[in-house]
2 protein chains.
Amino acid sequence: MKTLSIKDIAVKAGVSITTVSFIINGKAKEKSISEAVIKKVEEIIKESGYKPNQIARSLRTGNSNIIGLIIEDISNSFFSRIARLIEDKAYKKGYKIIYSSTENDVEKAKDLINMFKSRKVDGYIISPTKGIEEDINALLADNKPVILFDRNLSDVETHYVGADHFKASYKSIESFIKDGKRKIALVTTDIDVEQIVERFDGYKQALIDHQITYSDELVLKIHFNQDETESIEEMKNLFLSKEIDAVLFATNYLAISGLKALKQLNKQIGDDFSVIAYDDHEVFELHTPSISAVQQPLEEIAETVIQLILNQLSSKAKAENQKVIIPAKLIER
Amino acid sequence: MKTLSIKDIAVKAGVSITTVSFIINGKAKEKSISEAVIKKVEEIIKESGYKPNQIARSLRTGNSNIIGLIIEDISNSFFSRIARLIEDKAYKKGYKIIYSSTENDVEKAKDLINMFKSRKVDGYIISPTKGIEEDINALLADNKPVILFDRNLSDVETHYVGADHFKASYKSIESFIKDGKRKIALVTTDIDVEQIVERFDGYKQALIDHQITYSDELVLKIHFNQDETESIEEMKNLFLSKEIDAVLFATNYLAISGLKALKQLNKQIGDDFSVIAYDDHEVFELHTPSISAVQQPLEEIAETVIQLILNQLSSKAKAENQKVIIPAKLIER
DNA sequence: CTTAAAACATAAAACGTTTTACTAATTCAA
DNA sequence: TTGAATTAGTAAAACGTTTTATGTTTTAAG
């Protein structure tokens, strides 16, 4: 059964293709098509189940009603939750989302941008890797809306939505200090992206502001994409070698590995050893004892992102670039 | 800066559009284009950064090199992990994946299928909801490859890949019984999909085979999409009202809610109260005490799914429908 | 009646490819 | 020297829409 085209509808209705097209696109009134014809055509469309070929439509109009979402890793719960929220909200406005993971691989990221570009997506939502500044700038030059989220790219002039990583990190450390901790470690990753750097800076600044000397030895940078068992070993070393009394994990997956390490060491979390994780996760709530975490306002981030991109899409005019920084919450457990 | 078209390349190279197209598509040899021309055109393409417009390509050829993946909920870790694996494997074969969540909403599922259809995706990977049998059959009639996974649809004749839910559930209950448990509860959902039914059947059969009378009162069916706090209350009731000594949770998110309920009740998991969760999750490994779980072989499922769909895509011939049932593993912790 | 304006409708170009069918030039065997 | 076969390349149709420019018919005013 061949799929129907607009032509079939036109023939069946005894009108021209143009007329059918106008009706489909709600321009019937404007183009003064008679009520009778409108009714007839609509009926035929309904009963035949005709659906316009979006590919042809895209080819002609140059847009697609699709927004491309590029994230680091869909299997990370922070991203999958955000993705779900964004998808939801976009869907309600008639936009579809297609998403794909970069795995923090610059080449793959570029590939994805190209793929989205050649599929003519209308706009881009990206949690960027370093190294794709040029590609993003090319999109902007091409007048495509781009919203960055989670991490900013300083060489790119566009909208950005993210949590206040510096402050969240700073506050976490401060809360340790209030509890009398002094040997505070940071476990972070070695990927050079802004939000990770900010978390590091927050850590450092909080120490300095409270007259605690910063020491490189208390900071463990885990290789991105490194095997988890290896990461766990490195953390065990850190936890054993120094008399650490608190540790901030800069991402949720690092915190999870850290908890595994502690479990293997049989080291209890409690009064003399505190932990805070960055990005909340079900694990932390259920853990015994439960684990404090920095909670990013996912809902709010998603909402803002969607808002910004829809604005861009509806108004041709290029709005002022906005950098929206949303406070994160420290959930003390 | 207008984006380049094949015509621009043709003009720049002083050859026809046809020639450029042949070269792009690797048909240069076959169509006897001279080495010199090939080299020249390739050079121009490279230095100009020309990328073919996939929309136009799709319109002409009727396919897209895109596989549509339809799942229940991308924020569920089972699905997001599977999605990541499938994406990965497809990517290596030159296929892109676009995915979207149905949220178990029949209308949304149909919508998605339509969207994918009008975007001319080459094949479909679907974890289906009941109620979309017709739509899937329409795809099949249209000669599109469809692979179902996680849950089968008995009214649809196509490939299926999933874990052996019946047996996994059966074994879980058996392991309880071996440990001397007799009052064994099941917490499941009320959505009527095959894999949930199988888990229920496995539970029931195991009881019967071991001369334990089945009782409706020990089975709690949680409303899908119901607020978590309410689910937790219902579970608390169950746990309090009967002298239950073991419970199997039919999905990982139910298990997580269940753990929260237990925590609120201050009920310890241990010798006199055992728990098994269906679908593993980081929470279970880290929980104190750690929680046994049925682990579906994600990697294997993803691999099989991709294998099947790629086979379908490359060979025009319709292969015999395969139902691949992969054993699941009970991780005893 | 005439005719300008309004109402209704359409033909055809364009979007950027792939592919079929064709032409022109060269080679080669007899 | 012919003409068949091979080599090298191209024109134009087709994919299914949207949209511009244009053409008819009807209405209403004078």
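By convention in this document, chain letters (A, B, ...) are assigned in the order of the sequence lines, proteins followed by strands, and residues within each chain are numbered from 1.
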hbond_proxy [X] side chain to [N] base (donor-acceptor, 3.5 Å cutoff):
X      : N       : value
R57(A) : dT17(D) : no
T18(B) : dA11(D) : yes
R60(B) : dT18(C) : yes
S32(A) : dA7(C)  : no

What nucleotide, of [options], holds the atom closest to the side chain of [X]?
X      : options                   : result
N53(B) : dT18(C), dA9(C), dG16(C)  : dG16(C)
T19(A) : dT10(C), dT18(D), dT18(C) : dT10(C)
I17(B) : dT20(D), dT18(C), dT10(D) : dT18(C)
F22(B) : dT10(D), dT17(D), dT18(C) : dT10(D)
T61(B) : dT18(D), dA8(D), dT18(C)  : dT18(C)

Stepwise side-chain contact (heavy atoms from CB on, under 4.5 Å) check, I306(A) with I86(A)
CA-CA 7 Å; I306(A) 280 294; I86(A) 288 181; 3.9 Å; yes

Would you call [X] and [Y] a salt bridge, taking side-chain N to carboxylate O under 4.0 Å as the test?
X       : Y       : answer
K323(A) : E194(A) : no
K12(A)  : E47(A)  : no
K40(B)  : E35(B)  : no

Counting the atoms with a prime plus P, OP1 and OP2 as sugar-phosphate, which does S21(A) contact under 4.0 Å by heavy atoms, base, sugar-phosphate, or nothing?
base

May I ask you to say what S5(B) touches in the nucleic acid, namely base, sugar-phosphate or nothing, with a heavy-atom cut-off under 4.0 Å?
sugar-phosphate

Grab the [atom1]-[atom2] distance between [X] and [N] for me, whole Å please.
X      : N       : atom1 : atom2 : value
L4(B)  : dT17(C) : CG    : P     : 9 Å
I33(B) : dT7(D)  : CD1   : P     : 13 Å
I38(A) : dA7(C)  : CD1   : P     : 14 Å
L59(B) : dT18(D) : CG    : C1'   : 13 Å
Q54(B) : dC15(D) : CD    : C1'   : 15 Å
E30(A) : dA7(C)  : CD    : C1'   : 14 Å
I23(A) : dT10(C) : CD1   : C1'   : 13 Å
E35(B) : dT7(D)  : CD    : P     : 14 Å

Enter the distance from I326(A):CD1 to I301(A):CD1 here, rounded to the nearest 0.5 Å.
5.5 Å

Determine: side-chain N/O of [X] to OP1/OP2 of [N], distance under 4.0 Å, yes or no.
X      : N       : value
K31(A) : dC8(C)  : no
K27(A) : dT19(D) : yes
Y50(B) : dG16(C) : no

Yes or no on side-chain hydrogen bond (donor to acceptor under 3.5 Å, both in side chains) for D122(A) and Y95(A), after CA distance, side-chain angles and deciding distance?
CA-CA 9 Å; D122(A) 294 349; Y95(A) 279 90; 4.5 Å; no

